[in-house]
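Take a look at the structure set out below.
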Amino acid sequence: MTTVIRACLALAVRLIDTTTGRSLEERDVRLSRDGTLLTPMNKGSGIWVLTGEDRKDFVLHVYARGFDEEDVPISYETLNPKLPMLDVFLMPSEKNRTAGSVLQINGTLSKLTSIEAIAIERPLCGFHEVVERRGVISMSLLPKTAGSKVVLENMRYALASEDGTRYEVFEVKETQTPTQVVLRERLKDEHKTNDKVCRIIYGRAGPKGAFVLKVRDDASHLPYLLRFEAGKHEYFRPIDFRLESGEIDLLAGATKVLKPPADDVQAKSEEEVKKDE
């Protein structure tokens, strides 16, 4: 008699180093739920899979040797029901020396909800154009060197403005060709050929307005563009981690941008659809 054992996929987690954008190869990883240690399976490329667990929302605690521990809220409503997978970005700890030392900024800002950055002088590629046909939004990309490939995985990236003072976040749904991807949503801003496409480096915001963001200490000149949200506003701030590190005043030198209400964005999108028709 043959016994068939089926395991239901509860959650797949991909662990990523915020400072490099690469998946964690570290095997000393522990995941826990409500204080109970889980038994995930390592699938390689930083992916850990949980099976046999119920699909109820919870807070996942992530420990990986050499990285700051992280609590990640799991909301199944926001995940793909067929493949509930989540990218978790971890910041290297001060004890992590496998990929070199890090520099960090930290401090507090009232009502801060998020903080991130891009290496404005280290783009992944350039922007060419966006074309929408039959509801599919395709973005064409320009490699940094002729004939080279562009690798954008299914995650969020930044598209900088021409003057490099701000950027728009977009999410890749799938790759069509080595130089073309499908976006999940339309771009909201106007962009020109060769505008920079950059990887996003995530920081930690909270609790009570506390923040920290880390980058690799790998150059004598480390210019970045910070993006953070506090209250109803979005802010951009240039920074050189070689000149500024440790505790900083986040608002010093920052430019404030009022975020449009969600209803206004939706109304604008519907109006554009009618024009396209």
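Just so it is clear, the model here is predicted, and its values are computed rather than measured.
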(request) Give a yes or no answer on whether the side chain of Lys214 reaches the backbone of Pro92 with a donor-acceptor pair at less than 3.5 Å. (result) yes
(request) Would you please say whether a donor-acceptor pair under 3.5 Å links the side chains of Ser161 and Arg166? (result) no
(message) Taking side chain to side chain donor-acceptor pair (under 3.5 Å) as the definition, give me every residue that meets it alongside Tyr202, ordered by chain and number, with sequence neighbours left out.
(response) Arg156
Identify every side-chain donor-acceptor pair in residues 118-131 under 3.5 Å, counting partners at least two apart or on other chains, and give the distances.
residue, atom, partner, partner atom, Å
Arg122, NH1, Asp218, OD1, 3.4
Arg122, NH1, Asp218, OD2, 3.1
Arg122, NH2, Asp218, OD1, 3.0

(request) Output yes when a side-chain donor or acceptor of Arg227 lies under 3.5 Å from a complementary backbone atom of Glu234, and no otherwise. (result) no
(message) So that I can tick it off, tell me whether Glu190 and Lys192 are bridged by a salt bridge, with the cut-off set at under 4.0 angstrom between side-chain N and carboxylate O.
(response) no
(message) Can you classify the ring geometry of Phe58 versus Tyr76 as parallel (below 30°), tilted (30 to 60°) or perpendicular (above 60°)?
(response) tilted
Only pairs under 3.5 Å count here: list side-chain donor-acceptor contacts from residues 28-37, not counting sequence neighbours, and write none if there are none.
residue, atom, partner, partner atom, Å
Arg33, NH1, Asp54, O, 3.4
Arg33, NH2, Asp54, OD1, 2.8
Arg33, NH2, Lys56, O, 3.4

(request) Kindly indicate whether the side chain of Val72, heavy atoms from C-beta on, has any atom under 4.5 Å from the side chain of Phe89. (result) no
(request) Taking atom CD of Glu171 as the centre, report whether more than 12 heavy atoms of other residues, nucleotides or ligands fall under 6.0 Å from it. (result) yes
(request) Taking the side chain as every heavy atom from C-beta outward, state whether Val182 and Gln176 have any pair of such atoms under 4.5 Å apart. (result) yes
(message) Could you tell me if the side chain of Thr165 sits less than 4.5 Å from the side chain of Thr255, heavy atoms only?
(response) no
(message) Please determine whether residues Leu83 and Met41 belong to a single hydrophobic cluster, defined as Ile, Leu, Val, Met, Phe, Trp and Tyr linked transitively by side-chain heavy-atom distances below 4.5 Å.
(response) yes
(request) Test Val197 against Leu159 for side-chain contact (heavy atoms from CB on, under 4.5 Å), laying out the working first. (result) CA-CA 5 Å; Val197 175; Leu159 179 52; 3.8 Å; yes
(message) Within the structure provided, determine whether Arg14 and Ser23 are in side-chain contact (heavy-atom separation under 4.5 Å).
(response) yes
(request) Any chance you could measure Ile105, atom CD1, to Ile239, atom CD1, to the nearest 0.5 Å? (result) 4.5 Å
(message) A side-chain contact here means heavy atoms from C-beta on lying under 4.5 Å apart; do Ile115 and Leu250 qualify?
(response) yes
(message) Assess, by modelled atom type and distance only, whether the side chains of Tyr167 and Glu116 contain a donor and an acceptor separated by less than 3.5 Å.
(response) yes
